[in-house]
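Keep in mind that what you see is a predicted model, and the values were worked out from it rather than measured. Below, all heavy atoms of this structure are taken into account, side chains as well, without hydrogens, waters or symmetry copies.
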Amino acid sequence: MSEELPPSDAARDEAADEVRATDADADAWATACAEDLEAEKARRRAEYGPPPGSAAEELKKLVDAVADKLSGIQSPLFGAVAGPAAEQVVRQVVQQAKAAVEPVIERNPDVFDHLAAAGNELLAAYRSAVEAQERRWTGRDDRIDPRDLDERHDRGDDAGPGERIDLD
């Protein structure tokens, strides 16, 4: 067996310098990427405004906006006498509704994200079904749908371009 001698001080210093240079290059690359990412985010915020938050945050904003609108309504239906009392009742109901909804939103933010994703999936499925049906109705589909075939094609009694309607 051959024994390896420990590296000399010069060799150790050279290896350490090489590691530091590699770390410095990686750090410089990571820093440049982070700066580019922040610049792109700032550009998008300037162009498109702030990005939408999670579904839970958006629901909370909606609840706040509706609560503010309802609290600010001054209805002539209540009359001059009942107006202040009715406004106070509306404010109280709005505050109770907010107090009931906000803890649910804060405890379960992921639920609202999942519900939003499920809604998007349902919308995509609906669009797909509607588009397929529209293709069938307008005749833009090259494929023949077996649901469109019925017994009249089997009998071969096509008298003309019209369609036979059974009135019974």
Side-chain angles (χ1 to χ4, degrees), residues 19-153 163 165-168:
V19 169
R20 275 188 235 121
T22 304
D23 288 344
D25 290 342
D27 289 342
W29 179 259
T31 303
C33 288
E35 289 172 356
D36 288 347
L37 181 61
E38 287 303 315
E40 180 64 17
K41 285 181 180 178
R43 185 190 67 78
R44 287 181 183 244
R45 274 192 301 273
E47 187 174 337
Y48 301 112
S54 68
E57 292 170 355
E58 294 300 315
L59 181 60
K60 189 171 181 180
K61 287 179 188 177
L62 175 66
V63 168
D64 290 341
V66 170
D68 291 343
K69 278 291 188 188
L70 288 177
S71 296
I73 291 178
Q74 295 178 352
S75 176
L77 299 175
F78 298 131
V81 176
E87 287 178 24
Q88 182 61 29
V89 169
V90 168
R91 282 193 191 103
Q92 187 177 9
V93 169
V94 166
Q95 290 303 321
Q96 288 175 347
K98 278 178 68 173
V101 169
E102 286 180 355
V104 173
I105 294 171
E106 290 174 6
R107 280 193 307 257
N108 306 308
D110 293 341
V111 170
F112 296 100
D113 291 335
H114 290 299
L115 288 173
N120 287 337
E121 291 296 321
L122 286 172
L123 182 60
Y126 174 76
R127 281 185 183 149
S128 176
V130 168
E131 287 172 357
Q133 187 66 30
E134 285 177 346
R135 278 194 303 273
R136 282 186 49 232
W137 286 340
T138 59
R140 290 185 292 172
D141 197 2
D142 294 336
R143 298 169 295 175
I144 297 175
D145 192 339
R147 293 176 292 186
D148 291 338
L149 300 175
D150 59 7
E151 64 275 356
R152 75 171 180 265
H153 293 291
E163 182 178 342
I165 300 174
D166 189 8
L167 298 177
D168 290 335

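- Note that the CD atom of E40 and the CD atom of E35 stand 14.5 Å from one another [nearest 0.5 Å].
- To the nearest 0.5 Å, atoms CD (E102) and CG (D64) are separated by 5.5 Å.
- With values rounded to the nearest 0.5 angstrom, L115 atom CG is found 10.5 Å from L122 atom CG.
- Distance alone, capped at 3.5 Å, is enough to place a donor-acceptor pair between the T31 side chain and the D27 backbone.
- Scanning both residues, F112 and A55, for their nearest heavy atoms gives O-CB, 3.3 Å.
- Ion pairing between a basic and an acidic side chain is recognised when a charged N comes within 4.0 Å of a carboxylate O; K61 and E58 show such pairing.
- Shown here for S54 and D113, the closest heavy-atom pair between the two residues is CB-OD1, 3.6 Å.
- Look at E131 and R127 and you find no salt bridge, because none of the NZ, NE, NH1 or NH2 atoms lies under 4.0 Å from a carboxylate O.
- The shortest non-hydrogen separation linking V94 to A67 is CG1-CB, 3.1 Å.
- Inter-residue side-chain proximity for V104 and V101 is flagged as unmet; no heavy-atom pair is nearer than 4.5 Å.
- One finds no salt bridge joining E57 and K60 here, because no Lys/Arg side-chain nitrogen approaches an Asp/Glu carboxylate oxygen to under 4.0 Å.
- Heavy-atom minimum distance, K98 versus P103: O-CD, 4.2 Å.
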